[in-house]
Amino acid sequence: MTEVSSSVAAGPGAAATIDDGTAGPAPGAPAGRPGRLTAWKAAGARLALLPLRLFLGVTFCYAALDKLSDAHYLAGGTDPASFVSQTRAVEGGGSPVASLLGPALHHPTPFALLIAFGELAVGLGVLLGLWGRLAAAGGAALSLSLWLTVSWNVSPYYLGNDLAYLLAWTPLVLAGTPYLSVDGYLARRAGRDRGRGLSEDHVRRRALMDGGIAAVAMGGAGLLTGSLTATFGREKPSAKPKQAAAPAPAAAAVTVDAATVPLGGSAQVKDPASGDAVYLVQPKAGQYCAFSSVCTHSGCAVDAPKNGQLYCPCHGSRFDAATGAVLNGPATKPLPKYRVTKEGDKLHLGPLES
Ligand code: FES
């Protein structure tokens with residue numbers, strides 16, 4: 001049977017040390033196969049959160065460096081993919097925390113950097129297992145704020161990834177990062193110190209100081225990496241937003257009744273070449289156009305046009321339903337546009353134009 005005992009080390013992220021019996025069979029337990037099986041099960045339970053920890057840590061580091069190397073992220077309000085434009089869109093988009101966004105709109109650059117470097121600190125903290133519970137709480141706070149802002153209008157709710165991230169952080173907030181981690185090392189050493197009869201006060205102070213030194217070293221490394229990425233890894237902003245790479249033209253045409261595309265509404269057809277859904281729209285009376293439904297940010301399907309916009313539920317990009325242009329990022333490229341011709345009461349979907 002597994003015997004569990006815990007000793008909590010000092011320091012904000014220090015975690016419980018669990019003697020789960022994987023070091024060897026418990027006294028009196030039968031040796032051999034059943035003992036090994038028990039050990040494997042215990043090791044599996046002990047490391048169950050490791051894949052989640054790796055995923056979240058790598059993802060948050062990647063997201064941070066992606067932001068810092070993106071020329072649009074720190075650009076001004078005229079760039080629809082900039083932090084300030086996205087925040088403005090959130091403010092006017094019915095977020096329950098819209099009234100709290102004033103400081104971020106007044107000081108967009110410090111806030112944008114705070115988010116990017118916060119993600120980097122969270123990612124590194126969780127990967128190294130340094131003050132892991134605190135890092136996970138920071139990750140949960142970031143995910144919560146993104147859910148209440150960027151992902152708030154995603155419908156149905158389960159398509160919004162920030163809610164999933166928020167829930168994914170929860171086990172790490174509860175369990176910390178006691179294994180294969182700096183926290184684990186500090187907790188084991190604190191246990192040894194207690195065994196040597198050192199005072200609890202001394203043990204706590206030592207764990208806190210060493211954790212602090214490791215956190216400062218990690219913060220310095222993160223700051224250096226982030227700054228180098230922002231300085232040398234950032235693509236230069238171009239005067240004109242980049243156009244999407246021209247996809248292969250659709251070979252076949254599709255014909256529909258013009259009456260199926262109402263004014264201000266849309267009809268959905270399929271591009272026979274790619275199989276992608278295409279929205280045929282009529283933004284003004286007698287003016288027809290068609291756009292791919294594939295979001296140019298990360299490939300999610302945008303919603304059907306509503307109020308003159310096409311909305312992407314994944315990260316909140318908005319596109320103009322008359323031109324396909326980006327109204328709000330994070331997408332930076334317009335939706336691919338198809339040629340549409342009208343003959344009598346028929347509409348013909350031609351090949352991609354852009
Ligand atoms: Fe990210 Fe559309 S896939 S906004």
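When a ligand or atom number is given, it counts from 1 through the structure's own listing order.
- Sparse packing is recorded around OH of Tyr185, with 12 or fewer heavy atoms of other residues, nucleotides or ligands lying under 6.0 Å away.
- Of all atoms in ligand 1, numbered sequentially from 1 with element shown, those under 4.0 Å from a heavy atom of Cys300 are 3 (S).
- Among heteroatoms of the N, O or S kind in His297, ND1 lies nearest atom 1 (Fe) of ligand 1.
- At least one N, O or S atom of Cys295, from either the backbone or the side chain, sits less than 2.8 Å from atom 2 (Fe) of ligand 1.
- Within the 3.5 Å criterion, the main-chain N or O of Ala301 finds no donor-acceptor partner in the side chain of Ser293.
- In Lys270, the NZ atom is not crowded: 12 or fewer heavy atoms of neighbouring residues, nucleotides or ligands sit closer than 6.0 Å.
- Ring-centre distance between Tyr157 and Trp152: not below the 6.0 Å cut-off.
- Shortest contact from atom 4 (S) of ligand 1 to any protein heavy atom: Ser317 OG, 3.2 Å.
- When hydrogens are left out, the protein atom nearest atom 3 (S) of ligand 1 is Ser298 N, 3.2 Å; that is the closest non-hydrogen contact.
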Checklist entry - Which is it for Ser143 and Asp162 under the side-chain hydrogen bond (donor to acceptor under 3.5 Å, both in side chains) test, yes or no, and what are the steps along the way? => result CA-CA 5 Å; Ser143 297; Asp162 293 309; 5.4 Å; no

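- Atom 2 (Fe) of ligand 1 has an N, O or S atom of Cys312 inside 2.8 Å of it.
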